[in-house]
Amino acid sequence: MKVVRSIAELPESDGMVGLVPTMGAFHAGHLALFAAAREENDIVVASLFVNPAQFGPAEDLDRYPRDEERDTELAEEAGVDVLFAPSAEEMYPSGYATWVDVGELGQRLEGEFRPDHFRGVATVCLKLFNIVRPTRAYFGQKDAQQAAVVKQLVRDLNLELEIRVVPTVRDEDGLALSSRNAYLSQEEREAALALPRALATKDVDRARAMLAGLDVDYAEEANFNGQRVLAAAVRIGKTRLIDNVVLEGEST
Ligand code: AMP
């Protein structure tokens with residue numbers, strides 16, 4: 001596996017390229033995306049970039065978990081060919097001015113609580129697609145609204161790549177894997193289990209009742225371009241967790 005830190009160093013490739021955009025701190029959710037990309041493409045590129053543009057001023061950009069050594073090992077074991085870890089200075093040089101706005105889809109649910117989050121996501125994804133030129137890009141159902149935003153971006157801007165969505169990987173206790181789970185104390189993790197349990201009811205009223213003891217940003221049914229999900233975001237101490245279950249419609 002090649003670790004590449006600048007755009008100029010990225011190798012040229014003839015075959016089909018699968019791109020997995022990530023922010024690192026790899027877990028089995030990321031590995032499922034790598035495996036899906038490995039299966040369908042000649043070359044697998046994983047990007048590792050903690051994208052400042054998708055964090056709000058009061059969010060966890062500075063303390064977001066980073067462990068590049070471990071990530072390099074896990075990516076290599078998963079059959080990733082290129083780990084692309086650009087600097088923020090190269091991605092957003094001084095004078096950087098262009099942003100992708102996906103409209104209403106980026107404003108509701110997560111967008112209501114994280115203004116500009118999806119603008120940052122859409123922008124970095126478009127940049128990564130232009131830099132890596134993948135045949136396919138892989139995203140997790142865990143971030144259902146993000147996957148919908150990326151599909152919208154591809155459709156609206158006539159991008160020539162396929163978007164694949166991989167089902168959510170959960171721990172044995174049902175908690176969706178997330179790099180942010182590392183912030184949780186044992187006690188907080190226990191409390192966090194209410195989130196997957198509530199969503200598993202697939203019923204918004206029952207879910208809200210089960211989440212009543214937590215600090216809930218939202219628990220709502222949503223329709224993301226034809227896929228209906230029950231989605232929720234909760235805050236547990238300083239940690240914000242999101243999760244969803246598909247009610248109806250394809251996850252790919
Ligand atoms: P992140 O590094 O958190 O930005 O996530 C990178 C990609 O992995 C995104 O497309 C996420 O949706 C996906 N992902 C994160 N957690 C999971 C999970 N538990 N199951 C499946 N995909 C996931």
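Any value given below was found using the heavy atoms of this structure, including those in side chains, with hydrogens, waters and symmetry copies removed. Atoms within a ligand are numbered from 1 in the order they appear, just like the ligands themselves.
Against a heavy-atom cut-off of under 4.0 Å, Thr22 is close to the following atoms of ligand 1: 2 (O), 6 (C). Interface atoms of ligand 1 facing His27, defined by a heavy-atom separation under 4.0 Å, are 15 (C), 16 (N), 17 (C). Atoms of ligand 1 found under 4.0 Å from any heavy atom of Tyr64, numbered from 1 in the order shown, are 3 (O). Per-residue contacts place Leu177 under 4.0 angstrom from the following atoms of ligand 1 (heavy atoms of the residue considered): 16 (N), 17 (C), 18 (C), 19 (N). With ligand atoms numbered from 1 in the order given, ligand 1 contributes 10 (O) to contacts under 4.0 Å with heavy atoms of Phe139. The Leu33 neighbourhood of ligand 1 comprises atoms 7 (C), 8 (O), 10 (O), 13 (C), 22 (N), with distances under 4.0 Å to a heavy atom of that residue.
A distance-only check finds no donor-acceptor pair linking the side chain of Asn41 to the backbone of Ile43 [under 3.5 Å].
Geometrically, Arg63 engages Tyr183 in a cation-pi contact defined by less than 6.0 Å to the ring centre and at most 45° from the axis.
Other residues, nucleotides and ligands contribute over 12 non-hydrogen atoms within 6.0 Å of the CZ atom of Arg228.
By the criterion of a heavy-atom distance under 4.0 Å, both the backbone and the side chain of Met23 are placed next to ligand 1.
Using a 4.5 Å cut-off on side-chain heavy atoms (C-beta onward), Leu175 and Leu177 make no contact. Under the 4.5 Å side-chain criterion, counting only non-hydrogen atoms from C-beta, Asp81 is in contact with Arg38. Trp99 is not listed as a side-chain neighbour of Leu126, based on a closest heavy-atom distance of 4.5 Å or more.
Contact analysis leaves Arg170 out of contact with ligand 1, as no non-hydrogen atom separation drops below 4.0 angstrom. Residue contacts with ligand 1 do not include Arg180, since none of its heavy atoms lies under 4.0 Å from the ligand. Residue contacts with ligand 1: Pro167 is included, with a non-hydrogen atom under 4.0 Å away. Proximity of Ala28 to ligand 1 is not established, as no heavy-atom distance is less than 4.0 Å. Distances shorter than 4.0 angstrom do not occur between any heavy atom of Phe49 and any atom of ligand 1.
In terms of protein heavy-atom proximity, atom 9 (C) of ligand 1 is closest to Gln146 NE2, 3.7 Å. Looking from atom 20 (N) of ligand 1 to the surrounding protein, the closest heavy atom is Val169 N, 2.8 Å. What sits closest to atom 10 (O) of ligand 1 on the protein, heavy atoms only, is Gly140 N, 3.0 Å. The protein non-hydrogen atom at the shortest distance from atom 5 (O) of ligand 1 is His30 NE2, 3.5 Å.
For ligand 1, the polar-atom distance check against Val166 finds no nitrogen or oxygen pair separated by under 3.5 Å. When only interatomic distances are considered, the shortest N/O to N/O separation between Thr168 and ligand 1 does not fall below 3.5 Å. Of the N or O atoms in Pro21, none lie within a sub-3.5 Å distance of an N or O in ligand 1.
Ring-plane geometry between Phe26 and His30 is classed as tilted, the angle between the planes lying from 30 to 60 degrees on a 0 to 90 degree scale. Taking the six-membered ring where the residue is Trp, Tyr92 and Phe49 present tilted rings, their angle falling between 30° and 60°.
Applying the salt bridge (Lys or Arg N to Asp or Glu O under 4.0 Å) rule to Arg70 yields no partners; only residues at least two apart in sequence or on another chain are considered.
There is no side-chain donor-acceptor pair under 3.5 Å between Gln152 and Glu104. Remark: the Glu9 side chain and the Ser6 side chain contain an N/O donor-acceptor pair separated by less than 3.5 Å.
Partner of Tyr218 under the side chain to side chain contact (heavy atoms under 4.5 Å, CB included) criterion, chosen from Glu110, Arg108, Arg208, Glu112: Glu110.
Compare Asp143, Val121, Val165, Val50 by their heavy atoms: the one nearest to atom 14 (N) of ligand 1 is in Asp143.
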